[in-house]
*Asks:* 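Before we start, here is the structure in question, set down as C-alpha cells.
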Amino acid sequence: MHKEIEHRGEPLVQLENVNKWFGDLHVLKDINLTISEGEVVVIVGPSGSGKSTLCRTINRLEPIQGGTIILGDKELPSEGRALAQLRAQVGMVFQSFNLFAHKSILDNVTIGPIKVKKVSKKQAEAEAMDLLKRVGVDSQASKRPAQLSGGQQQRVAIARALAMKPDLILFDEPTSALDPEMVNEVLDVMTSLAREGMTMVVVTHEMGFAHRAADRVIFMDDGLIVEEGTPDEFFNNPQSPRARDFLSKIL
Ligand code: ADP
Ligand code: MG
C-alpha cells in the first residue's frame, strides 16, 4: 500500500519499530518512519490517535518501551548529557506557546542559546532580533508574552525554536489554540520556513497548509501509521476506509 516517496536529502530521523505504552494502553504500535533532511511531514488523524505522543517520543520527552530512534547518525540515548545535546537539535512548538511569562520576548528567545549553547548575550540578542524581525514581532521585543496576541506569541515561540539552530522542528497543533483570524499569520511563517528548506514535522488540522507545504502526509489512527502519501495522493485518493472516514468528517 505504501508508495515510494521521493525524499529530499539524507535521513535525519529514523524510527524503527517504536512501541510505547501508557500503562496498559498501547499508544504507538510498531511505528516505522524516516524523515529526511528538508522534508516537511504533516501528521493528521483523529484525537487520541497518538500524534502528540509520536512528536514527544521523537525528542524523548517521552520514553519508549521498544524500538530505536536515530537522529542523524546517532541513536537517541534515553537519558543524560548526550540526550540533552541531541535534544537541542530538535525544536518544538506547542499548541500552548509555552513562553516564559515573566521574561521579555527578547529574553525568551535568547535564553536557550545563552544557557544551552553558551552564546554570548550580545550575539544571542543580535540573532534574536533578526529572528523576531523574520517572524514580524521585532517591535514587541521588550514586552512580556501576555501583552502580545496569541498569533504573535506563537510566532515568538517559532523564533525561539529557530534560535537554537535546530536540525528539525516539531510543531504540535501550533494553531489550534488561536483565534481564527490569527491562524494564517502563523501558518504563513511556517510555510516560509518550509520553502527555505527547514525539516519539519507538523501535527495539524489545517488541511490547506498540508496541501500547500507538505511533502508527505501521514495518517495515524489508534497508534498506527495507517497510510502515507503525497498530499495529492492522500487527499484525493485515500486508500484506507479509516482515512476516508476521517477526511469525510473534516473536509
Ligand atoms: P493525539 O495527539 O493524536 O490526540 P495523544 O498522543 O495525545 O493523541 O494520545 C494518544 C493516547 O495516549 C490517548 O489515548 C491518550 O489518552 C493517551 N495519553 C496521552 N498522554 C498520556 C499520559 N501522559 N498518560 C496516559 N495516557 C496518555
Ligand atoms: Mg495531540
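What's counted below: heavy atoms across the whole structure, side chains too, no hydrogens, waters or symmetry copies. For the single chain, residues carry numbers from 1 onward in sequence order. Read the numbers this way: they start at 1 and go in the same order the structure lists the ligands and their atoms.
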*Asks:* Checking a contact table here: which protein heavy atom is nearest atom 1 (P) of ligand 1, and how many Å away?
*Replies:* G48 N, 3.5 Å
*Asks:* Is it true that R134 and D130 have a side-chain N and a carboxylate O under 4.0 angstrom from each other?
*Replies:* no
*Asks:* How far is atom 9 (O) of ligand 1 from its nearest protein heavy atom, and which residue and atom is that?
*Replies:* T53 OG1, 3.8 Å
*Asks:* List the atom of A243, the atom of E227, and the distance in Å for their closest heavy-atom pair.
*Replies:* CB-OE1, 3.5 Å
*Asks:* Short N/O distance, under 3.5 Å, between V27 and ligand 1?
*Replies:* no
*Asks:* Please determine if E62 has a nitrogen or oxygen closer than 3.5 Å to a nitrogen or oxygen of ligand 1.
*Replies:* no
*Asks:* So that I can tick it off, tell me whether D172 and R56 are bridged by a salt bridge, with the cut-off set at under 4.0 angstrom between side-chain N and carboxylate O.
*Replies:* no
*Asks:* Does F22 reach ligand 1 with a nitrogen or oxygen that is under 3.5 Å from one of the ligand's nitrogen or oxygen atoms?
*Replies:* no
*Asks:* Tell me whether the count of non-hydrogen atoms from other residues, nucleotides or ligands lying under 6.0 Å of NZ in K117 goes above 12.
*Replies:* yes
*Asks:* Should the pair W21 and H26 be assigned to parallel (<30°), tilted (30 to 60°) or perpendicular (>60°) ring geometry?
*Replies:* parallel
*Asks:* Please state which protein non-hydrogen atom is closest to atom 3 (O) of ligand 1 and give its distance, to 0.1 Å?
*Replies:* K51 NZ, 2.8 Å
*Asks:* Does any non-hydrogen side-chain atom of N108 lie less than 4.5 Å from one of K103?
*Replies:* yes
*Asks:* Any N/O/S of T53 under 2.8 Å from the Mg ion (ligand 2)?
*Replies:* no
*Asks:* Does ligand 1 have any atom that is closer than 4.0 Å to a heavy atom of P46?
*Replies:* yes
*Asks:* Roughly how far, to the nearest 0.5 Å, is the CG atom of L162 from the CG atom of L131?
*Replies:* 5.5 Å
*Asks:* Tell me the protein heavy atom at minimum distance from atom 14 (O) of ligand 1, and give that distance in Å.
*Replies:* L25 CD2, 3.5 Å
*Asks:* Does ligand 1 have an atom under 4.0 Å from some heavy atom of G45?
*Replies:* no
*Asks:* Using a 4.0 Å cutoff against the non-hydrogen atoms of S49, which atoms of ligand 1 qualify?
*Replies:* 1 (P), 3 (O), 8 (O)
*Asks:* Does K20 make a cation-pi contact with F22, if we ask for NZ or CZ under 6.0 Å from the ring centre and within 45° of the axis?
*Replies:* yes
*Asks:* Can you tell me how far the CD1 atom of I64 sits from the OG1 atom of T53, to the nearest 0.5 Å?
*Replies:* 12.5 Å
*Asks:* Starting from atom 7 (O) of ligand 1, locate the nearest protein heavy atom and write down its residue, its atom name and how far away it is, to 0.1 Å.
*Replies:* S52 CB, 3.7 Å
*Asks:* May I ask you to identify the nearest protein heavy atom to atom 8 (O) of ligand 1, giving residue, atom name and distance to one decimal place in Å?
*Replies:* G50 N, 3.2 Å
*Asks:* Do the side chains of L178 and E185 get nearer than 4.5 Å, heavy atoms only?
*Replies:* no
*Asks:* Is the shortest distance from atom 25 (C) of ligand 1 to a protein heavy atom below 4.0 Å?
*Replies:* yes
*Asks:* Is there at least one protein heavy-atom neighbour under 4.0 Å from atom 16 (O) of ligand 1?
*Replies:* no
